[in-house]
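First comes the structure, then the notes that go with it.
The residues of the chain are indexed from 1 along the displayed sequence.
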Amino acid sequence: PIDVTARTPGRPLRVLVDERAESVVVVAEDGAVHYLWRGEDSDFLPRQSFRPFADAAAPAIAGCDWLFGHESLIITAPTGVQHRYSLCKEGDEPRKFQRTGTFPPLPGTPGPMAVSARNRSYLTTSGAHISLRFGTTVSERWTGALPAPAQALTINAKNDRIAVLSSAGL
């Protein structure tokens, strides 16, 4: 095992590993995102660090998850703003994350998020609000109300069933 958190500054809040275990994203408590790539010697090396909400009064990150088969990230600020960052290549340089979209702010405190494995959409919650957002066009496809704020959220592989756990039940 390799401790990638020892190679990134700050206390980690979340660690995301891509489906091929070739790259790792470490979200730090101080609002930084660190991208590491597996080198030829099978060791994870730092490739990029960035702060998606550096301009904000509180640059923390409330949520982060993969989108598009581990090619993009959805990163949420405590204010409800969501940015899409995608891996992009410039010339002969290795791929790095660049901001490629910004969604309208969520109404209220951000809650759980669930990414669809089947298409380029994801479910996101804030308070007693739920919405389905389409990552490619950075648009909202559907929105609705929940009986209580979500505590956990999941979507099945066929993308035709969702489950929301809240204080009101499942």
Side-chain angles (χ1 to χ4, degrees), residues 1-117 119-126 129 131-141 150 153 155:
I2 300 170
D3 183 7
V4 296
T5 61
R7 294 160 197 222
T8 58
R11 183 171 172 231
L13 288 179
R14 180 134 197 221
V15 177
L16 303 170
V17 180
D18 79 346
E19 57 195 10
R20 297 179 306 269
E22 292 177 352
S23 63
V24 174
V25 172
V26 178
V27 178
E29 190 175 61
D30 65 358
V33 176
H34 306 286
Y35 173 50
L36 296 95
W37 184 259
R38 185 186 294 269
E40 291 179 15
D41 60 355
S42 294
D43 199 6
F44 282 94
L45 306 170
R47 179 164 282 177
Q48 177 187 17
S49 291
F50 60 96
R51 294 181 180 276
F53 305 108
D55 301 354
I61 295 174
C64 181
D65 213 333
W66 291 111
L67 187 65
F68 303 154
H70 303 121
E71 295 292 318
S72 296
L73 297 169
I74 294 294
I75 305 174
T76 308
T79 59
V81 172
Q82 292 183 315
H83 293 313
R84 180 187 67 210
Y85 277 77
S86 301
L87 283 169
C88 300
K89 187 171 175 80
E90 292 183 10
D92 294 333
E93 293 294 314
R95 295 187 326 160
K96 293 187 176 180
F97 282 103
Q98 295 178 6
R99 186 165 69 191
T100 55
T102 299
F103 288 88
L106 298 167
T109 304
M113 187 167 56
V115 176
S116 167
N119 64 22
R120 297 170 183 240
S121 61
Y122 68 100
L123 288 166
T124 189
T125 62
S126 61
H129 176 87
S131 62
L132 177 66
R133 292 183 161 192
F134 195 57
T136 305
T137 59
V138 190
S139 62
E140 198 160 77
R141 299 174 87 182
L153 181 66
I155 187 168

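Taking each heavy atom of Leu13 and Ile61 in turn, the nearest pair found is CD1-O, 4.2 Å. Summarising the geometry of Pro110 relative to Pro78, their closest heavy-atom pair is CD-O, 3.3 Å, with the distance given to 0.1 Å. Phe103 and Arg133 make their closest contact through CB-NH1, 3.1 Å (heavy atoms, listed as atom of the first residue, atom of the second, distance). When all heavy atoms of Leu153 and Pro112 are compared, the pair lying nearest together is CD2-O, 3.7 Å. The two atoms that bring Tyr122 and Val115 nearest to each other are CB-CA, 3.9 Å, heavy atoms only. Summarising the geometry of Leu67 relative to Ser121, their closest heavy-atom pair is CD1-O, 4.0 Å, with the distance given to 0.1 Å.
For Ser126, the side-chain hydrogen bond (donor to acceptor under 3.5 Å, both in side chains) criterion is met by no residue, not counting sequence neighbours. Scored by the side chain to side chain contact (heavy atoms under 4.5 Å, CB included) test, Pro9 finds His34 as partners (sequence neighbours excluded).
Considering CD1 of Ile155 and CG of Leu132, their distance stands at 6.5 Å, rounded to 0.5 Å. Atom-to-atom distance recorded for Ser72:OG and Asp65:CG is 12.0 Å, nearest 0.5 angstrom. Atoms OG1 and NE2, from Thr109 and His129 in turn, are 13.0 Å apart once rounded to the nearest 0.5 Å. Atom CZ of Arg14 sits about 11.5 Å away from atom CD1 of Ile75, to the nearest 0.5 Å.
Aromatic rings from Tyr35 and Tyr85 are positioned such that their centres are separated by 6.0 Å or more.
Counting only heavy atoms from C-beta outward, the side chains of Thr79 and Pro105 never approach each other to under 4.5 Å. Between Cys88 and Thr100 there is a side-chain heavy-atom pair separated by less than 4.5 Å. A 4.5 Å side-chain heavy-atom check between Thr124 and Leu106 finds at least one atom pair inside the cut-off. Between Leu16 and Cys64, the closest side-chain pair of non-hydrogen atoms falls below 4.5 Å. Side chains of Val25 and Trp66 form a contact here, defined as non-hydrogen atoms less than 4.5 Å apart. Residues Val24 and Val15 are in side-chain contact: their nearest non-hydrogen atoms beyond the backbone lie under 4.5 Å apart. The shortest distance between side-chain heavy atoms of Pro104 and Glu140 does not fall below 4.5 Å. Within the 4.5 Å cutoff, the side chain of Val81 has heavy atoms near those of the Phe53 side chain.
Applying the salt bridge (charged side-chain N to carboxylate O under 4.0 Å, His left out) test to every pair with at least one member in residues 91-112, sequence neighbours left out, gives these pairs: Glu71-Arg95.
More than 12 heavy atoms of other residues, nucleotides or ligands sit less than 6.0 Å from atom CD of Glu19.
The backbone N or O of Ile74 sits nowhere less than 3.5 Å from a side-chain atom of Gln82 that would complete a donor-acceptor pair. Judged by distance alone, the side chain of Arg84 and the main-chain N or O of Thr136 form a donor-acceptor pair under 3.5 Å.
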